[in-house]
Amino acid sequence: MANSTDPLAKSIRGTNPQNLVEKIVRSKIYQNSYWKEQCFGLTAETLVDKAMELDHLGGTNGGNRKPTPFLCLVMKMLQIQPDKEIVVEFIKNPEYKYVRALGAFYLRLTGTDIDVYRYLEPLYNDYRKLRFKSSDGRFTLTHVDEIIDELLTKDYSCDIALPRIKKRMTLEAIDTLEPRRSALEDDFEEDEDDQLAAGLDSDSHDKDYYHGRSPTRERDQDRKRDSHRYRDRDYDRDRDYDRDRGRGRDRDRDRDRDRDKERDHHRLRGEREYGHERDRERDRERGRRRSRSRSRDRKDRDGDERRKRHARMSASPKKRREGPDGEPKKKKEKKEKKDDGTDHPDPEIAEANRLRASLGLKPLKM
């Protein structure tokens, strides 16, 4: 029952006050340790002490979308629904700026359109600094008037969708809201009064100075002075117009010249780049052609060597026996052994056999 709304609480905009916060954000708040430990059992009186301990604003932050204490206290105010007088005291608190921001945020969620404009617009004059914790967990610096402007002009604030309210001009048109009066208007009115008094003093001095002159003469002099002033003003205007027109022509001429120079520069650079690219392409084609011819010569050379090697390896035994002229190699004929005994190892016997052979006698055989 710790998360249930007070039974005596009234419905806001036709629904449960806690339903003004989205279900996902509401479930994150219910699971937060600050809500369970610090917000349990709070009442409208004890809520002020927790609000005075706030040191920053924000919605949900971090990877798990952890809610800030400010958002938990807003949820607690929606749950217990404090009286309007307590909320107005929060807004009018001049000492604690985070208490004022808490009251303004709650009134923006639950208040009527007239109450929102009536109690929040005076806070535009509060320029005190506030710490705001963004969705990524970092602290940024903002101001009270910026928070009020966000509540009056934006649809989302602190990860909560703000209820729609009528435009101020609509409420002024139906006479339900008075026109807004800025705090600076009093200063402006004082300045205007001082200027008006100074102007009256100068007029009275002029009247006293020209008291003895004729009204007709003064009228003629005023007319002449006005005519001279108008003529001088027209002359100055024409001169300024001619000067501006001349400057415009010079400016257009300079712009055209700069444009032509830039166009020529880009064209020349494009031609140079195209020429360089064409030369590089020609060099690459020449290199490819040279590499193809070199690879073709290498292939021819390798083919010739392969054919020669194949021819040597596949030659028939018959051709191997042929000589260089294609004729078969002749076997060494064995020397026929002579029977006449002239080749006897003994030289004397061989000599005697040659002599006997010449005489027709049989050789000696020993």
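Just so you know, residue 1 is the first one in the sequence shown, and it goes up from there.
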Check whether any side-chain N or O of Gln81 sits under 3.5 Å from a backbone N or O of Thr5 as a donor-acceptor pair, and report yes or no.
no
Mind checking whether Leu151 and Val116 have side chains closer than 4.5 Å, heavy atoms only?
no
Can you tell if the side chain of Pro82 reaches within under 4.5 Å of the side chain of Val87, non-hydrogen atoms only?
yes
Walk me through it: do Ile160 and Leu71 pass the test side-chain contact (heavy atoms from CB on, under 4.5 Å)?
CA-CA 9 Å; Ile160 294 179; Leu71 196 60; 3.3 Å; yes
Any chance CD of Glu178 has more than 12 other-residue heavy atoms, nucleotides or ligands included, within less than 6.0 Å?
no
Distance col, row Leu73:CG vs Gln38:CD, nearest 0.5 angstrom, shows 9.5 Å
One should read off an interatomic distance between Thr140 OG1 and Arg131 CZ, to the nearest 0.5 angstrom, of 10.0 Å
Rounded distance (nearest 0.5 Å) linking atom OG of Ser157 with atom CZ of Arg108
9.0 Å
Ionic contact status for Lys261 with Asp258, cut-off 4.0 Å:
no
Using the test ring pair (Phe, Tyr, Trp, His ring centres under 6.0 Å), find all partners of Tyr30 that sit at least two apart in sequence or belong to another chain.
Trp35
For a 4.5 angstrom cut-off between non-hydrogen side-chain atoms, does Asn61 reach Arg138?
no
As a quick check of understanding, evaluate side-chain contact (heavy atoms from CB on, under 4.5 Å) for Tyr117 and Ile165, giving each step before the final call.
CA-CA 10 Å; Tyr117 285 107; Ile165 57 175; 3.9 Å; yes
Sidechain N-carboxylate O distance under 4.0 Å for Glu285, Arg282:
no
Search all heavy atoms of Ser4 against all heavy atoms of Gln79 and return the closest pair with its distance.
O-NE2, 2.6 Å
For Phe90 and Tyr106, I'd like to know if the aromatic rings sit close, meaning centre-to-centre distance below 6.0 Å.
no
Check against salt bridge (Lys or Arg N to Asp or Glu O under 4.0 Å), Asp260 and Arg257
CA-CA 5 Å; Asp260 295 338; Arg257 189 184 302 111; over 6 Å; no
side-chain contact (heavy atoms from CB on, under 4.5 Å) for Glu95 and Asn93? Distances and angles first, verdict last.
CA-CA 6 Å; Glu95 298 180 2; Asn93 192 331; 3.8 Å; yes
Test side-chain contact (heavy atoms from CB on, under 4.5 Å) on Arg100 and Arg128 and set out the steps.
CA-CA 11 Å; Arg100 173 173 285 186; Arg128 288 180 293 180; 3.7 Å; yes
Tell me whether Phe139 shares a hydrophobic cluster with Val144, the cluster being built from Ile, Leu, Val, Met, Phe, Trp, Tyr side chains joined at under 4.5 Å.
no
Between atom CD of Glu150 and atom CG of Asp145, what is the distance when rounded to the nearest 0.5 Å?
12.0 Å
Please give me the minimum heavy-atom distance between Gly103 and Ile91, naming the atom from each residue.
C-CG1, 3.7 Å
Look only at the side chain of Thr68 and the backbone of Gly58, and say whether a donor-acceptor pair between them is shorter than 3.5 Å.
yes
Between the CG atom in Leu42 and the CG atom in Asp49, the distance rounded to the nearest 0.5 Å is 9.0 Å
Heavy-atom distance under 4.5 Å between the side chains of Lys84 and Asp115, does that happen here?
yes
So, do Tyr124 and Arg180 sit near enough that their side-chain heavy atoms are less than 4.5 Å apart?
yes
Can you name the closest pair of heavy atoms from Lys97 and Lys129 and give their distance?
NZ-O, 2.6 Å
Do NZ/NE/NH1/NH2 and the carboxylate oxygens of Asp256 and Arg259 come within less than 4.0 Å?
yes
Write down the atom of Met77, the atom of Leu47, and the distance for their closest heavy-atom approach.
CG-CD2, 3.1 Å
Would you find a donor on one side and an acceptor on the other, under 3.5 Å apart, between the side chain of Asp159 and the backbone of Thr60?
yes
According to a 4.5 Å side-chain heavy-atom criterion applied to Ile, Leu, Val, Met, Phe, Trp and Tyr, with indirect links allowed, do Ile114 and Leu120 form part of one hydrophobic cluster?
yes
Taking all heavy atoms of Asn32 and all of Lys66, pick out the closest pair and write down the distance.
OD1-CE, 3.9 Å
Does one hydrophobic cluster hold both Ile24 and Met75, with members joined at side-chain heavy-atom distances below 4.5 Å?
no
Is Tyr98 close to Glu53 at the side-chain level, that is, under 4.5 Å between some pair of heavy atoms?
no
Taking every heavy atom of Leu123 against every heavy atom of Ala104, the minimum-distance pair comes out as CD1-CB, 4.2 Å
Does a side-chain heavy-atom distance below 4.5 Å link Leu109 with Leu162?
yes
Residue pairs fulfilling side-chain hydrogen bond (donor to acceptor under 3.5 Å, both in side chains) with at least one residue in residues 164-177, sequence neighbours excluded
Glu121-Arg168, Arg168-Glu172
Are any of the side-chain heavy atoms of Lys10 and Pro17 separated by less than 4.5 Å?
no
Reported CZ-to-CG distance for the pair Phe70 and Leu130, which is rounded to 0.5 angstrom
9.0 Å
